[in-house]
Asks: 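A single structure is presented below for examination.
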Amino acid sequence: KRVSVNPPSLKDNTADAERFEKALKEILNAEFVDIDLSITGILPELLRKSNFTLRCILFKDHNKWRLAGITGNDDGIIAGLAIDLGTTTVVLRLIDLSTGLTMYEYSFPNPQIPIGPDILTRIHFAEKEDGLAELNRLIISGINDAITKICGDSHITPSGIYLLSVAGNTAMTHLFLKLNPHYLIREPYTPVINRPGCINARELGIDANQSAKVFVFPNTGSYFGGDLVAGILYSGLNRSDKTAILVDVGTNAEVVLGNKNWLVACAGAAGPALEGGVTKMGMNAGPGVIDSVRIDPTTGLFSITTIGCCPPKGICGSGIIDLAAALFLSGRIDIRGKFVPAACGARLIEKDGLKHFIVISAEESPEGFDLTINQADLDSLVRSKAAMYTILETIASYVGISLSELSTFYVAGTFGSLINPRSAITIGMMPDLPGGTYKSIGNSSLEGASMILKDCRLMDEIDAIRNSITYIELNVNQDFMNRFSAARFLPHTNLSLFPSVNPASPSSAQEKD
(Lines give C-alpha, C1' and ligand atoms only; values in the text may rest on other atoms or scores of the structure.)
Protein backbone atom coordinates (compact mmCIF):
# COMPACT_ATOMS: atom_id res chain seq x y z
CA LYS A 1 0.00 0.00 0.00
CA ARG A 2 1.09 3.60 -0.62
CA VAL A 3 1.04 5.48 2.66
CA SER A 4 1.35 9.26 3.01
CA VAL A 5 2.63 10.65 6.30
CA ASN A 6 2.14 14.22 7.50
CA PRO A 7 5.54 15.97 7.64
CA PRO A 8 6.67 17.11 11.09
CA SER A 9 6.70 20.77 12.10
CA LEU A 10 7.56 22.87 15.13
CA LYS A 11 3.90 22.61 16.13
CA ASP A 12 3.89 18.82 15.62
CA ASN A 13 7.27 17.20 16.13
CA THR A 14 5.94 13.73 16.97
CA ALA A 15 8.53 10.97 16.43
CA ASP A 16 8.78 9.69 12.86
CA ALA A 17 7.96 6.11 13.86
CA GLU A 18 4.83 7.14 15.77
CA ARG A 19 3.72 9.44 12.94
CA PHE A 20 4.21 6.62 10.43
CA GLU A 21 2.45 4.06 12.65
CA LYS A 22 -0.56 6.35 13.03
CA ALA A 23 -0.85 6.74 9.23
CA LEU A 24 -0.62 2.96 8.79
CA LYS A 25 -3.31 2.26 11.39
CA GLU A 26 -5.65 4.72 9.71
CA ILE A 27 -5.24 3.28 6.22
CA LEU A 28 -5.55 -0.32 7.50
CA ASN A 29 -8.29 0.45 10.02
CA ALA A 30 -6.22 -1.53 12.53
CA GLU A 31 -5.48 -1.09 16.22
CA PHE A 32 -2.00 -2.56 16.00
CA VAL A 33 0.71 -2.94 13.33
CA ASP A 34 3.89 -4.92 14.01
CA ILE A 35 6.84 -2.79 12.87
CA ASP A 36 10.31 -4.33 12.88
CA LEU A 37 13.15 -2.37 14.48
CA SER A 38 15.13 -2.69 11.25
CA ILE A 39 12.39 -0.70 9.49
CA THR A 40 12.33 1.95 12.19
CA GLY A 41 16.04 2.49 11.65
CA ILE A 42 15.75 3.40 7.96
CA LEU A 43 12.46 5.27 8.31
CA PRO A 44 13.63 8.89 8.87
CA GLU A 45 15.86 9.17 5.80
CA LEU A 46 13.47 7.23 3.55
CA LEU A 47 10.50 9.40 4.56
CA ARG A 48 12.32 12.59 3.59
CA LYS A 49 13.84 11.20 0.38
CA SER A 50 10.39 10.09 -0.82
CA ASN A 51 8.55 13.28 0.17
CA PHE A 52 6.78 11.49 3.06
CA THR A 53 5.04 8.90 0.82
CA LEU A 54 6.14 5.26 1.13
CA ARG A 55 5.28 1.95 -0.43
CA CYS A 56 4.56 -0.46 2.40
CA ILE A 57 4.65 -4.24 2.10
CA LEU A 58 2.20 -5.71 4.59
CA PHE A 59 1.08 -9.18 5.56
CA LYS A 60 -1.93 -9.96 7.72
CA ASP A 61 -1.10 -12.84 10.02
CA HIS A 62 -4.59 -13.63 11.30
CA ASN A 63 -5.68 -10.50 13.22
CA LYS A 64 -2.28 -8.86 13.25
CA TRP A 65 -0.84 -6.74 10.46
CA ARG A 66 2.92 -7.17 10.01
CA LEU A 67 5.04 -4.68 8.12
CA ALA A 68 7.43 -6.68 5.93
CA GLY A 69 9.24 -3.70 4.44
CA ILE A 70 9.13 -0.14 3.12
CA THR A 71 10.48 1.43 -0.05
CA GLY A 72 10.48 4.87 -1.55
CA ASN A 73 7.63 6.10 -3.68
CA ASP A 74 8.87 4.43 -6.88
CA ASP A 75 7.71 1.64 -9.15
CA GLY A 76 10.47 -0.92 -8.51
CA ILE A 77 9.54 -4.60 -8.27
CA ILE A 78 8.45 -5.84 -4.86
CA ALA A 79 8.72 -9.63 -4.86
CA GLY A 80 7.41 -12.58 -2.90
CA LEU A 81 8.68 -16.15 -2.94
CA ALA A 82 6.48 -19.24 -2.66
CA ILE A 83 8.30 -22.44 -1.66
CA ASP A 84 7.14 -26.04 -1.97
CA LEU A 85 9.43 -27.72 0.56
CA GLY A 86 9.42 -31.25 -0.83
CA THR A 87 11.25 -34.26 0.59
CA THR A 88 12.70 -35.05 -2.85
CA THR A 89 12.42 -31.76 -4.75
CA VAL A 90 12.18 -28.14 -3.60
CA VAL A 91 10.31 -25.77 -5.93
CA LEU A 92 10.38 -21.96 -5.72
CA ARG A 93 8.19 -19.42 -7.49
CA LEU A 94 9.08 -15.71 -7.59
CA ILE A 95 5.99 -13.48 -7.70
CA ASP A 96 5.60 -9.77 -8.39
CA LEU A 97 3.47 -8.78 -5.39
CA SER A 98 2.11 -5.69 -7.15
CA THR A 99 0.62 -7.66 -10.05
CA GLY A 100 0.44 -11.22 -8.74
CA LEU A 101 2.28 -12.44 -11.85
CA THR A 102 4.90 -15.19 -11.74
CA MET A 103 8.37 -13.87 -12.56
CA TYR A 104 10.41 -17.07 -12.29
CA GLU A 105 10.10 -20.70 -11.25
CA TYR A 106 12.97 -22.94 -10.22
CA SER A 107 13.42 -26.38 -8.68
CA PHE A 108 16.34 -28.33 -7.25
CA PRO A 109 16.85 -31.72 -5.56
CA ASN A 110 16.46 -31.51 -1.79
CA PRO A 111 20.09 -31.23 -0.55
CA GLN A 112 19.26 -33.49 2.42
CA ILE A 113 18.90 -36.51 0.09
CA PRO A 114 22.56 -37.66 0.50
CA ILE A 115 21.88 -38.02 4.24
CA GLY A 116 18.71 -39.97 3.58
CA PRO A 117 16.21 -40.17 0.69
CA ASP A 118 13.31 -40.55 3.12
CA ILE A 119 12.08 -38.61 6.12
CA LEU A 120 12.60 -41.46 8.61
CA THR A 121 16.34 -41.66 7.88
CA ARG A 122 16.68 -37.89 8.27
CA ILE A 123 14.84 -37.88 11.59
CA HIS A 124 17.20 -40.54 12.94
CA PHE A 125 20.16 -38.50 11.65
CA ALA A 126 18.78 -35.42 13.42
CA GLU A 127 19.12 -37.29 16.73
CA LYS A 128 22.90 -37.49 16.31
CA GLU A 129 25.18 -34.78 17.64
CA ASP A 130 24.86 -31.72 15.38
CA GLY A 131 22.61 -33.77 13.09
CA LEU A 132 19.67 -31.39 13.28
CA ALA A 133 21.94 -28.40 12.69
CA GLU A 134 23.42 -30.07 9.59
CA LEU A 135 20.03 -30.93 8.10
CA ASN A 136 18.86 -27.38 8.73
CA ARG A 137 22.03 -25.91 7.22
CA LEU A 138 21.59 -28.01 4.08
CA ILE A 139 18.03 -26.92 3.37
CA ILE A 140 18.58 -23.25 4.20
CA SER A 141 21.78 -23.15 2.10
CA GLY A 142 19.95 -24.86 -0.76
CA ILE A 143 17.17 -22.28 -0.66
CA ASN A 144 19.66 -19.40 -0.47
CA ASP A 145 21.60 -20.75 -3.45
CA ALA A 146 18.32 -20.97 -5.37
CA ILE A 147 17.44 -17.39 -4.38
CA THR A 148 20.80 -16.21 -5.74
CA LYS A 149 20.10 -18.00 -9.03
CA ILE A 150 16.52 -16.72 -9.29
CA CYS A 151 17.40 -13.13 -8.44
CA GLY A 152 20.33 -13.10 -10.85
CA ASP A 153 18.17 -14.30 -13.73
CA SER A 154 15.31 -11.95 -12.78
CA HIS A 155 17.55 -8.88 -12.39
CA ILE A 156 16.56 -8.16 -8.81
CA THR A 157 18.47 -8.46 -5.54
CA PRO A 158 17.50 -10.72 -2.61
CA SER A 159 16.66 -7.55 -0.69
CA GLY A 160 13.77 -7.13 -3.16
CA ILE A 161 12.07 -10.20 -1.66
CA TYR A 162 9.80 -9.10 1.20
CA LEU A 163 7.40 -12.00 1.72
CA LEU A 164 7.92 -15.76 1.61
CA SER A 165 5.47 -18.61 2.09
CA VAL A 166 6.59 -22.18 2.78
CA ALA A 167 4.49 -25.34 2.44
CA GLY A 168 6.01 -28.70 3.34
CA ASN A 169 5.25 -31.89 5.19
CA THR A 170 5.50 -31.82 8.97
CA ALA A 171 8.99 -33.31 9.16
CA MET A 172 10.43 -31.03 6.46
CA THR A 173 8.86 -28.03 8.21
CA HIS A 174 10.56 -29.03 11.46
CA LEU A 175 13.95 -29.38 9.76
CA PHE A 176 13.44 -26.03 8.00
CA LEU A 177 12.72 -24.37 11.37
CA LYS A 178 15.49 -26.32 13.14
CA LEU A 179 12.99 -28.00 15.46
CA ASN A 180 13.70 -31.49 16.80
CA PRO A 181 11.48 -34.00 14.93
CA HIS A 182 12.22 -36.81 17.44
CA TYR A 183 8.64 -37.31 18.65
CA LEU A 184 7.07 -37.21 15.17
CA ILE A 185 7.81 -40.92 14.72
CA ARG A 186 7.09 -42.10 18.26
CA GLU A 187 3.69 -42.71 19.80
CA PRO A 188 1.58 -40.67 20.11
CA TYR A 189 3.35 -38.95 17.13
CA THR A 190 3.59 -35.38 18.44
CA PRO A 191 4.97 -32.40 16.49
CA VAL A 192 6.89 -29.64 18.29
CA ILE A 193 4.52 -27.08 16.75
CA ASN A 194 1.48 -27.15 14.49
CA ARG A 195 1.18 -23.44 13.68
CA PRO A 196 4.57 -21.81 13.15
CA GLY A 197 2.86 -18.71 11.74
CA CYS A 198 4.89 -15.72 10.53
CA ILE A 199 8.64 -15.53 11.22
CA ASN A 200 11.38 -13.04 10.36
CA ALA A 201 13.42 -14.34 7.41
CA ARG A 202 16.69 -13.24 9.01
CA GLU A 203 15.97 -15.43 12.06
CA LEU A 204 15.85 -18.43 9.75
CA GLY A 205 19.00 -17.40 7.88
CA ILE A 206 17.21 -16.81 4.59
CA ASP A 207 18.66 -14.28 2.14
CA ALA A 208 15.89 -11.73 1.65
CA ASN A 209 15.08 -8.20 2.74
CA GLN A 210 16.25 -7.56 6.31
CA SER A 211 12.64 -7.17 7.47
CA ALA A 212 11.11 -9.88 5.23
CA LYS A 213 8.49 -12.19 6.73
CA VAL A 214 8.12 -15.94 6.20
CA PHE A 215 4.72 -17.56 6.57
CA VAL A 216 4.95 -21.30 7.24
CA PHE A 217 1.78 -23.29 6.48
CA PRO A 218 0.39 -25.12 9.53
CA ASN A 219 0.35 -28.89 9.85
CA THR A 220 -2.36 -31.06 11.35
CA GLY A 221 -0.28 -33.99 12.61
CA SER A 222 2.96 -35.89 12.19
CA TYR A 223 1.96 -37.18 8.76
CA PHE A 224 -0.27 -34.39 7.51
CA GLY A 225 1.63 -31.21 6.82
CA GLY A 226 1.30 -27.71 5.46
CA ASP A 227 1.81 -28.93 1.90
CA LEU A 228 -1.56 -30.68 2.08
CA VAL A 229 -3.24 -27.69 3.73
CA ALA A 230 -1.92 -25.60 0.82
CA GLY A 231 -3.18 -28.25 -1.61
CA ILE A 232 -6.68 -28.18 -0.12
CA LEU A 233 -6.69 -24.39 -0.38
CA TYR A 234 -5.75 -24.56 -4.07
CA SER A 235 -8.16 -27.36 -4.99
CA GLY A 236 -11.13 -25.62 -3.37
CA LEU A 237 -12.14 -28.90 -1.75
CA ASN A 238 -13.03 -26.99 1.43
CA ARG A 239 -15.39 -24.70 -0.50
CA SER A 240 -17.28 -27.42 -2.40
CA ASP A 241 -20.89 -28.42 -1.75
CA LYS A 242 -20.17 -31.90 -3.13
CA THR A 243 -17.91 -34.48 -1.56
CA ALA A 244 -14.58 -34.87 -3.35
CA ILE A 245 -11.16 -36.35 -2.66
CA LEU A 246 -7.60 -35.04 -3.03
CA VAL A 247 -4.67 -37.43 -3.41
CA ASP A 248 -1.01 -36.42 -3.43
CA VAL A 249 1.38 -39.29 -4.11
CA GLY A 250 4.97 -38.54 -3.20
CA THR A 251 7.14 -40.05 -0.49
CA ASN A 252 3.81 -40.91 1.14
CA ALA A 253 0.32 -41.11 -0.29
CA GLU A 254 -1.64 -38.34 1.42
CA VAL A 255 -5.40 -38.24 1.08
CA VAL A 256 -8.10 -35.73 2.02
CA LEU A 257 -11.82 -36.45 1.67
CA GLY A 258 -14.62 -33.99 2.28
CA ASN A 259 -16.49 -30.82 1.37
CA LYS A 260 -17.17 -27.37 2.83
CA ASN A 261 -18.67 -28.89 5.98
CA TRP A 262 -16.04 -31.48 6.95
CA LEU A 263 -12.63 -32.86 5.98
CA VAL A 264 -11.07 -36.22 6.85
CA ALA A 265 -7.43 -36.99 6.13
CA CYS A 266 -4.89 -39.78 6.35
CA ALA A 267 -1.50 -40.71 4.98
CA GLY A 268 0.33 -43.94 4.32
CA ALA A 269 3.45 -45.38 2.71
CA ALA A 270 2.16 -46.00 -0.81
CA GLY A 271 4.50 -43.66 -2.64
CA PRO A 272 8.11 -44.91 -2.54
CA ALA A 273 7.58 -47.71 -5.06
CA LEU A 274 6.17 -45.16 -7.48
CA GLU A 275 9.02 -42.63 -7.05
CA GLY A 276 11.72 -44.63 -8.78
CA GLY A 277 11.95 -47.29 -6.08
CA VAL A 278 9.89 -50.04 -7.69
CA THR A 279 12.49 -51.17 -10.23
CA LYS A 280 16.18 -50.75 -11.03
CA MET A 281 15.21 -48.86 -14.16
CA GLY A 282 12.85 -46.65 -12.15
CA MET A 283 13.61 -42.95 -11.77
CA ASN A 284 11.94 -39.61 -11.23
CA ALA A 285 10.33 -37.90 -14.21
CA GLY A 286 12.84 -36.31 -16.60
CA PRO A 287 14.08 -36.38 -20.24
CA GLY A 288 14.31 -39.89 -21.63
CA VAL A 289 12.15 -41.41 -18.88
CA ILE A 290 9.31 -43.62 -20.10
CA ASP A 291 6.02 -42.02 -19.07
CA SER A 292 3.51 -44.14 -20.97
CA VAL A 293 3.26 -47.71 -22.25
CA ARG A 294 0.64 -49.37 -24.45
CA ILE A 295 0.34 -52.85 -25.93
CA ASP A 296 -1.75 -53.11 -29.10
CA PRO A 297 -4.54 -55.64 -28.37
CA THR A 298 -4.50 -56.84 -31.98
CA THR A 299 -0.80 -57.06 -32.81
CA GLY A 300 0.70 -57.30 -29.34
CA LEU A 301 3.22 -54.61 -30.28
CA PHE A 302 4.50 -52.21 -27.61
CA SER A 303 4.03 -48.45 -27.96
CA ILE A 304 6.26 -46.45 -25.63
CA THR A 305 6.69 -42.68 -25.16
CA THR A 306 9.38 -40.84 -23.21
CA ILE A 307 9.52 -37.39 -21.68
CA GLY A 308 11.05 -35.02 -24.21
CA CYS A 309 10.86 -37.74 -26.87
CA CYS A 310 14.43 -38.73 -25.91
CA PRO A 311 15.86 -42.28 -26.18
CA PRO A 312 14.52 -44.39 -23.27
CA LYS A 313 16.81 -44.71 -20.24
CA GLY A 314 14.39 -45.52 -17.40
CA ILE A 315 10.77 -45.38 -16.29
CA CYS A 316 8.83 -43.16 -13.86
CA GLY A 317 5.79 -43.91 -11.70
CA SER A 318 3.18 -43.22 -14.37
CA GLY A 319 5.09 -45.40 -16.85
CA ILE A 320 5.30 -48.25 -14.35
CA ILE A 321 1.54 -48.12 -13.79
CA ASP A 322 0.94 -48.03 -17.55
CA LEU A 323 3.29 -50.98 -18.03
CA ALA A 324 1.63 -53.07 -15.32
CA ALA A 325 -1.82 -52.28 -16.72
CA ALA A 326 -0.73 -53.19 -20.26
CA LEU A 327 0.84 -56.47 -19.10
CA PHE A 328 -2.31 -57.34 -17.16
CA LEU A 329 -4.75 -56.44 -19.92
CA SER A 330 -2.72 -58.47 -22.43
CA GLY A 331 -2.59 -61.50 -20.15
CA ARG A 332 1.18 -61.35 -19.61
CA ILE A 333 0.71 -61.11 -15.83
CA ASP A 334 -2.09 -62.74 -13.84
CA ILE A 335 -4.34 -61.44 -11.06
CA ARG A 336 -1.53 -61.94 -8.52
CA GLY A 337 0.81 -59.79 -10.61
CA LYS A 338 2.88 -62.86 -11.57
CA PHE A 339 4.37 -63.30 -15.05
CA VAL A 340 2.65 -65.79 -17.35
CA PRO A 341 5.64 -67.34 -19.22
CA ALA A 342 3.64 -68.68 -22.16
CA ALA A 343 2.15 -65.23 -22.82
CA CYS A 344 5.40 -63.28 -22.33
CA GLY A 345 7.35 -65.26 -24.92
CA ALA A 346 10.96 -64.32 -25.62
CA ARG A 347 10.68 -61.07 -23.65
CA LEU A 348 10.77 -63.09 -20.40
CA ILE A 349 14.27 -64.02 -19.28
CA GLU A 350 15.78 -65.27 -16.03
CA LYS A 351 18.59 -63.38 -14.35
CA ASP A 352 20.00 -63.71 -10.83
CA GLY A 353 17.27 -66.19 -9.99
CA LEU A 354 14.48 -63.78 -10.93
CA LYS A 355 12.19 -63.58 -13.93
CA HIS A 356 12.75 -60.34 -15.89
CA PHE A 357 10.47 -58.91 -18.58
CA ILE A 358 12.36 -56.94 -21.25
CA VAL A 359 10.65 -53.60 -21.82
CA ILE A 360 13.44 -52.03 -23.91
CA SER A 361 16.16 -54.20 -25.43
CA ALA A 362 19.84 -53.30 -25.18
CA GLU A 363 19.85 -52.42 -28.88
CA GLU A 364 17.12 -49.81 -28.35
CA SER A 365 18.48 -48.35 -25.12
CA PRO A 366 21.13 -45.60 -24.99
CA GLU A 367 22.36 -47.25 -21.78
CA GLY A 368 23.46 -50.29 -23.80
CA PHE A 369 21.65 -52.88 -21.69
CA ASP A 370 18.14 -54.28 -21.40
CA LEU A 371 15.65 -52.19 -19.43
CA THR A 372 13.59 -54.74 -17.56
CA ILE A 373 11.01 -55.11 -14.85
CA ASN A 374 11.35 -58.21 -12.69
CA GLN A 375 8.99 -60.20 -10.51
CA ALA A 376 10.17 -58.54 -7.31
CA ASP A 377 9.47 -55.15 -8.92
CA LEU A 378 5.91 -56.20 -9.76
CA ASP A 379 5.38 -57.59 -6.26
CA SER A 380 6.45 -54.22 -4.83
CA LEU A 381 4.10 -52.39 -7.20
CA VAL A 382 1.18 -54.64 -6.21
CA ARG A 383 1.82 -53.87 -2.54
CA SER A 384 1.99 -50.14 -3.26
CA LYS A 385 -1.16 -50.08 -5.35
CA ALA A 386 -2.93 -52.16 -2.70
CA ALA A 387 -1.89 -49.68 -0.02
CA MET A 388 -3.09 -46.76 -2.16
CA TYR A 389 -6.52 -48.27 -2.82
CA THR A 390 -6.87 -49.39 0.79
CA ILE A 391 -6.15 -45.86 2.03
CA LEU A 392 -8.93 -44.58 -0.24
CA GLU A 393 -11.35 -47.33 0.77
CA THR A 394 -10.60 -46.94 4.48
CA ILE A 395 -11.12 -43.18 4.54
CA ALA A 396 -14.40 -43.49 2.59
CA SER A 397 -15.59 -46.24 4.92
CA TYR A 398 -14.70 -44.08 7.93
CA VAL A 399 -17.25 -41.44 6.89
CA GLY A 400 -19.78 -43.99 5.65
CA ILE A 401 -19.71 -43.33 1.90
CA SER A 402 -18.76 -45.31 -1.17
CA LEU A 403 -15.91 -44.22 -3.46
CA SER A 404 -18.45 -44.28 -6.31
CA GLU A 405 -20.19 -41.27 -4.69
CA LEU A 406 -17.24 -38.93 -5.24
CA SER A 407 -17.93 -35.91 -7.43
CA THR A 408 -14.27 -35.15 -8.19
CA PHE A 409 -11.02 -37.02 -7.69
CA TYR A 410 -8.16 -34.49 -7.52
CA VAL A 411 -4.69 -35.90 -8.20
CA ALA A 412 -1.80 -33.63 -7.18
CA GLY A 413 1.95 -33.54 -7.77
CA THR A 414 4.19 -34.51 -10.68
CA PHE A 415 2.85 -38.03 -10.39
CA GLY A 416 -0.69 -36.69 -10.71
CA SER A 417 0.12 -34.68 -13.82
CA LEU A 418 1.53 -37.73 -15.64
CA ILE A 419 -0.63 -40.61 -14.44
CA ASN A 420 -3.24 -42.12 -16.75
CA PRO A 421 -6.32 -42.73 -14.55
CA ARG A 422 -7.39 -45.57 -16.84
CA SER A 423 -4.18 -47.47 -16.10
CA ALA A 424 -4.47 -46.81 -12.36
CA ILE A 425 -8.03 -48.16 -12.45
CA THR A 426 -6.92 -51.23 -14.43
CA ILE A 427 -4.47 -52.36 -11.74
CA GLY A 428 -6.86 -51.41 -8.94
CA MET A 429 -4.90 -48.47 -7.59
CA MET A 430 -7.72 -45.96 -7.99
CA PRO A 431 -11.50 -46.54 -7.95
CA ASP A 432 -13.39 -47.36 -11.12
CA LEU A 433 -14.93 -43.91 -11.68
CA PRO A 434 -15.88 -42.14 -14.95
CA GLY A 435 -12.87 -40.51 -16.65
CA GLY A 436 -14.26 -37.02 -16.16
CA THR A 437 -14.17 -37.47 -12.37
CA TYR A 438 -10.37 -37.37 -12.31
CA LYS A 439 -8.71 -33.96 -12.33
CA SER A 440 -4.95 -33.36 -12.28
CA ILE A 441 -4.03 -30.17 -10.38
CA GLY A 442 -0.22 -30.24 -10.61
CA ASN A 443 1.89 -28.89 -7.76
CA SER A 444 -0.97 -27.94 -5.46
CA SER A 445 1.42 -27.23 -2.58
CA LEU A 446 3.25 -24.55 -4.59
CA GLU A 447 -0.03 -23.17 -5.91
CA GLY A 448 -1.48 -22.84 -2.41
CA ALA A 449 1.71 -21.19 -1.18
CA SER A 450 1.46 -18.72 -4.07
CA MET A 451 -2.17 -17.93 -3.28
CA ILE A 452 -1.43 -16.69 0.24
CA LEU A 453 1.18 -14.26 -1.10
CA LYS A 454 -1.39 -12.75 -3.44
CA ASP A 455 -4.25 -12.49 -0.94
CA CYS A 456 -3.60 -12.59 2.81
CA ARG A 457 -7.35 -12.62 3.40
CA LEU A 458 -7.04 -16.37 2.79
CA MET A 459 -5.36 -16.67 6.20
CA ASP A 460 -8.71 -17.26 7.88
CA GLU A 461 -9.49 -19.94 5.28
CA ILE A 462 -6.21 -21.71 6.04
CA ASP A 463 -7.12 -21.76 9.73
CA ALA A 464 -10.60 -23.04 8.92
CA ILE A 465 -9.11 -25.85 6.78
CA ARG A 466 -6.73 -26.92 9.51
CA ASN A 467 -9.39 -26.78 12.23
CA SER A 468 -11.92 -28.79 10.22
CA ILE A 469 -9.60 -31.74 9.47
CA THR A 470 -10.12 -35.02 11.30
CA TYR A 471 -6.97 -37.11 10.96
CA ILE A 472 -7.12 -40.92 10.87
CA GLU A 473 -3.98 -42.69 12.14
CA LEU A 474 -3.57 -45.69 9.82
CA ASN A 475 -0.71 -47.16 11.88
CA VAL A 476 -3.25 -48.41 14.43
CA ASN A 477 -6.23 -48.97 12.11
CA GLN A 478 -7.19 -52.67 11.97
CA ASP A 479 -9.75 -52.03 9.22
CA PHE A 480 -6.90 -50.87 6.99
CA MET A 481 -4.97 -54.13 7.43
CA ASN A 482 -8.05 -56.25 6.70
CA ARG A 483 -8.81 -54.34 3.50
CA PHE A 484 -5.17 -54.36 2.40
CA SER A 485 -5.12 -58.16 2.03
CA ALA A 486 -8.13 -58.05 -0.32
CA ALA A 487 -6.51 -55.37 -2.48
CA ARG A 488 -3.32 -57.34 -3.21
CA PHE A 489 -4.73 -58.71 -6.46
CA LEU A 490 -5.28 -57.17 -9.90
CA PRO A 491 -7.48 -55.27 -9.86
CA HIS A 492 -8.99 -56.62 -6.59
CA THR A 493 -10.44 -59.78 -5.09
CA ASN A 494 -13.87 -58.15 -5.44
CA LEU A 495 -14.11 -57.74 -9.22
CA SER A 496 -17.50 -56.02 -8.93
CA LEU A 497 -15.58 -52.93 -7.72
CA PHE A 498 -13.91 -52.68 -11.15
CA PRO A 499 -16.59 -53.50 -13.75
CA SER A 500 -14.75 -51.68 -16.57
CA VAL A 501 -11.58 -53.80 -16.31
CA ASN A 502 -11.53 -56.70 -18.79
CA PRO A 503 -8.14 -58.44 -18.98
CA ALA A 504 -7.27 -60.83 -21.79
CA SER A 505 -6.77 -64.50 -21.04
CA PRO A 506 -3.17 -65.80 -21.16
CA SER A 507 -4.04 -68.04 -24.11
CA SER A 508 -5.27 -65.13 -26.26
CA ALA A 509 -2.12 -63.15 -25.45
CA GLN A 510 -0.02 -66.13 -26.49
CA GLU A 511 -1.85 -66.37 -29.81
CA LYS A 512 -1.13 -62.67 -30.56
CA ASP A 513 2.59 -63.14 -29.87
Side-chain angles (χ1 to χ4, degrees), residues 34 36 38-39 56-62 64-71 77-86 89-108 110-111 136 138-154 156-169 172-179 193 195-219 225-227 229-230 233-234 443 445-456 458-459 462:
D34 179 41
D36 199 281
S38 62
I39 294 176
C56 300
I57 303 93
L58 297 139
F59 186 76
K60 192 175 185 183
D61 182 10
H62 301 102
K64 181 188 291 185
W65 281 100
R66 296 182 185 272
L67 186 62
I70 55 175
T71 71
I77 290 175
I78 292 173
L81 190 68
I83 302 175
D84 168 34
L85 196 65
T89 305
V90 180
V91 189
L92 299 88
R93 177 181 290 168
L94 190 69
I95 297 170
D96 184 334
L97 294 177
S98 298
T99 64
L101 297 176
T102 296
M103 297 170 60
Y104 200 97
E105 197 163 309
Y106 181 71
S107 65
F108 62 94
N110 189 311
N136 175 259
L138 285 170
I139 192 61
I140 297 298
S141 296
I143 290 172
N144 284 338
D145 289 345
I147 288 174
T148 299
K149 159 74 174 170
I150 290 169
C151 288
D153 290 351
S154 303
I156 67 169
T157 62
S159 62
I161 298 174
Y162 291 87
L163 291 176
L164 299 93
S165 60
V166 178
N169 64 47
M172 278 306 307
T173 298
H174 277 55
L175 298 177
F176 173 75
L177 297 173
K178 204 175 179 180
L179 298 174
I193 191 170
R195 284 176 53 181
C198 209
I199 305 159
N200 291 327
R202 66 176 183 275
E203 291 179 37
L204 300 173
I206 293 176
D207 292 338
N209 189 276
Q210 61 178 346
S211 55
K213 308 299 179 189
V214 182
F215 173 71
V216 181
F217 272 76
N219 46 265
D227 51 348
V229 174
L233 178 71
Y234 176 63
N443 190 338
S445 173
L446 182 67
E447 297 294 349
S450 300
M451 286 174 70
I452 195 66
L453 291 180
K454 299 175 187 179
D455 186 357
C456 59
L458 295 172
M459 189 65 71
I462 289 172

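The figures that follow rest on heavy atoms only: side chains count, while hydrogens, waters and symmetry mates do not.
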Asks: Kindly check if the number of other-residue, nucleotide or ligand heavy atoms within 6.0 Å of NZ (Lys178) is above 12?
Replies: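 Open.
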Asks: Should the pair Asp153-Lys149 be classified as a salt bridge under the 4.0 Å nitrogen-to-oxygen rule?
Replies: yes
Asks: May I ask you to decide if Val91's main-chain N or O and Asp84's side chain share a donor-acceptor pair within less than 3.5 Å?
Replies: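 No, the answer is negative, given that no donor and acceptor are paired below the 3.5 Å cut-off.
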Asks: Working to the nearest 0.5 angstrom, can you tell me the gap between Leu163 CG and Leu97 CG?
Replies: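 Spacing of CG (Leu163) from CG (Leu97) equals 5.5 Å.
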Asks: Which heavy atom of Leu446 sits nearest to which heavy atom of Arg93, and what is that distance?
Replies: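 The pair with the smallest heavy-atom distance is CD2-NH2, 3.7 Å.
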Asks: Without swapping roles, check the side chain of Asn200 against the backbone of Glu203 for a donor-acceptor pair under 3.5 Å.
Replies: no
Asks: Within the side chain of Asn110, is there an N or O that forms a donor-acceptor pair under 3.5 Å with the backbone of Gly86?
Replies: yes
Asks: Relative to the ring of Tyr106, is the ring of Tyr104 parallel (under 30°), tilted (30 to 60°) or perpendicular (over 60°)?
Replies: tilted
Asks: Can you check whether Phe176's main-chain N or O pairs, donor with acceptor, with Asn136's side chain at less than 3.5 Å?
Replies: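 Answer holds: yes.
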Asks: In this structure, which one of Asn443, Ile95, Thr102 forms a side-chain contact (heavy atoms from CB on, under 4.5 Å) with Ser450?
Replies: Ile95
Asks: Could you measure the distance from the SG atom of Cys198 to the CG atom of Asp34? Nearest 0.5 Å is fine.
Replies: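 Between atom SG of Cys198 and atom CG of Asp34 there are 8.5 Å.
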Asks: Kindly say whether Gln210 contributes a backbone atom to a donor-acceptor pair with the side chain of Arg202 at under 3.5 angstrom?
Replies: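 Yes; judged by distance alone, with no hydrogens or angles, the pair exists.
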Asks: Are Ser445 and Asp227 close enough that a side-chain donor and a side-chain acceptor fall under 3.5 Å?
Replies: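 No, no side-chain donor-acceptor pair sits under 3.5 Å.
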